[in-house]
Amino acid sequence: MTTSVSIIGAGLGGLTLARILHLHGIPATVYEAEESAGVRTQGGQLDLHEEDGQLALEMAGLTEEYRSVIHRGGGARRVVDGQGRVVVDRPDDGSLARPETLRGDIRRILLDALPPGTVRWGRKLVSATPVGDGRHRVSFADGSSAVSDVLVGADGVWSKVRALLSDERPVYSGMSYIDTCLHDVDTAHPHVAGLVGNGALYALVPGKGFLAHREPGDVVHTYVVLHRPAEWFDAIDFTDAPAARARVAAEFDGWAPELLALITDGESAPVLRSIHELPDDHRWDRVPGVTLLGDAAHATVPGGDGANLAMLDGAELGTAIAAHPDDIERALADYESRMFPRSHKAAAAAHDTIDFIFGADAPAGVISLFAGDEGASA
């Protein structure tokens, strides 16, 4: 029997699943709301871990391609105080355990490894409806539709597929990121370039701070992190870039000019990324013919595992389907039995990480971690 798989969402998890299925000769179609692969940048750098993200790429046969796009030297870590004074300065040790790589480069590798036509661009999911025997009809905003033997929601925090399995809705976590970028930093922003260095910069106090990364292409990409109520951000008009920058920068009054420049001097408008999460132990009863992966299944606060877990979800789901192509329910049950406890553990750890980095003792946590104190973890 030939089983067709419909994957909603062309993120890293959905594409990893499609690649694994392709290697096993199982047809899959990925439906993506965006109009093309290049319609927007895909975010900043990721450190793929050996035990999950890198393992998923190894299972997908793409380790060599991955290593060709690693940002060598990008693993340096620097902690500064609010006046820009360096507290910890740790160079990149050359380890490939968790190297930095642009998310867009990883996505490109996965896209290039799929047969032409696997991804159907411009397909924004409107509804997914059971039609019997574990099959589902997926309908899109452009008026098209398709019927799937297996439906996988890889469509992120606000997944529409999730409603087939769970009544849970993501809730605001209490923290948000404001995403900014500086370009041509060595020439146009030399003081910022000097402060950030070659890797990541941390400037933190309890409940707020800067996480900045030096990226390939002479870019510094910054996440300004604020623990504030959703209403606080609602009062800022992010379509008015100068006003939004000024309001966010005011939260860091008195900090070093080089740090404030990460907010005020960006060439593009700041982007608000409100962090929403599902319960740490989110799970569901088995529903024939459908499952979830990545943030659709287990959205949580940023703990460094999100993309890694999504990719491992995709790799393990694809492997399970390939092992039981004539017993899809067994395949999906096997996958979920591994995914549920793993994601629960990771979500709990992510909350510990956020408290470790931004809690009442900040920045003591990251200082101890990057200074190499015994027992530090994040």
Side-chain angles (χ1 to χ4, degrees), residues 9 11 32-36 38-45 82 84 102-104 122 124-126 141 155-160 169-185 188-189 191-193 195-196 201-213 215 217 219-278 295 299-302 306 354 357-358 362:
E32 170 55 48
E34 294 179 353
E35 293 295 330
S36 70
V39 72
R40 67 176 180 88
T41 59
Q42 294 299 309
Q45 291 186 140
L102 285 173
R103 179 187 289 265
K124 182 179 180 179
L125 183 68
V126 173
D155 47 342
V157 175
W158 301 108
S159 170
K160 285 187 168 62
R169 294 277 296 170
V171 297
Y172 179 56
S173 67
M175 67 181 295
S176 293
Y177 285 10
I178 297 96
D179 198 330
T180 71
C181 281
L182 298 180
H183 298 271
D184 193 24
V185 291
H189 310 282
H191 296 298
V192 172
L195 180 66
V196 173
L201 176 80
Y202 298 76
L204 309 168
V205 295
K208 65 182 180 182
F210 296 86
L211 307 179
H213 292 83
E215 294 181 354
V219 171
V220 168
H221 189 164
T222 301
Y223 301 102
V224 183
V225 185
L226 290 169
H227 286 70
R228 298 286 187 276
E231 295 77 15
W232 189 90
F233 295 99
D234 290 342
I236 301 174
D237 181 5
F238 280 89
T239 64
D240 183 345
R245 291 190 188 102
R247 182 66 189 88
V248 174
E251 295 300 295
F252 299 89
D253 185 41
W255 288 45
E258 295 86 351
L259 289 169
L260 294 178
L262 294 168
I263 304 170
T264 59
D265 292 5
E267 289 87 357
S268 54
V271 177
L272 174 65
R273 303 194 186 282
S274 300
I275 308 300
H276 289 74
E277 59 182 337
L278 293 164
D295 283 349
T300 189
V301 294
I354 291 299
I357 295 176
F358 296 104

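Using a distance-only test at 3.5 Å, with no hydrogens or angles considered, a donor-acceptor pair links the side chain of Ser173 to the main chain of Ile275.
Listed by chain and residue number, His191, Leu195, Ala256 satisfy the side chain to side chain contact (heavy atoms under 4.5 Å, CB included) test with Glu258 (two or more places apart in sequence, or in another chain). For Thr180, the side chain to side chain contact (heavy atoms under 4.5 Å, CB included) test picks out Ile178, Thr222, Pro270, with sequence neighbours left out. Applying the side-chain hydrogen bond (donor to acceptor under 3.5 Å, both in side chains) rule to Asp179 yields the partners His221, Arg273; only residues at least two apart in sequence or on another chain are considered. Under the side chain to side chain contact (heavy atoms under 4.5 Å, CB included) criterion, His183 pairs with Cys181, Val219, Glu267, not counting sequence neighbours. Not counting sequence neighbours, the partners of Ser159 by the side-chain hydrogen bond (donor to acceptor under 3.5 Å, both in side chains) test are Asp155. Ala230 pairs by the side chain to side chain contact (heavy atoms under 4.5 Å, CB included) definition with Tyr172, not counting sequence neighbours. Under the side-chain hydrogen bond (donor to acceptor under 3.5 Å, both in side chains) criterion, Ser36 pairs with no residue, sequence neighbours left out. Every ring-ring contact (aromatic ring centres under 6.0 Å, His included) that Phe210 has, sequence neighbours left out, goes to Phe252, Trp255.
The minimum heavy-atom distance linking Ile357 with Ala362 is given by the pair O-CB, 3.2 Å. Between His189 and Asp265, the shortest heavy-atom contact is CE1-O, 3.8 Å. The minimum heavy-atom distance linking Leu262 with Ala212 is given by the pair CD1-CB, 4.3 Å. Of all heavy-atom pairs spanning Leu259 and Ala203, the tightest one is CD2-CB, 3.9 Å. Ala261 and Val192 make their closest contact through CB-CG2, 3.7 Å (heavy atoms, listed as atom of the first residue, atom of the second, distance). Here the closest heavy-atom approach between residue Ala299 and residue Val157 is recorded as CB-CG2, 3.9 Å.
Listed by first and then second residue, the salt bridge (Lys or Arg N to Asp or Glu O under 4.0 Å) pairs that reach into residues 233-250 are Arg247-Glu251, sequence neighbours excluded. Sorted by first then second residue, the ring pair (Phe, Tyr, Trp, His ring centres under 6.0 Å) pairs that include residues 224-243, not counting sequence neighbours, are His227-Phe358.
The side chain to side chain contact (heavy atoms under 4.5 Å, CB included) test with Tyr177 singles out one residue from Val224, Leu211, Leu272, and that residue is Leu211.
To the nearest 0.5 angstrom, Thr239 atom OG1 is 12.0 Å from Ile236 atom CD1.
Environment of NZ in Lys208: crowded, with over 12 heavy atoms of neighbouring residues, nucleotides or ligands closer than 6.0 Å.
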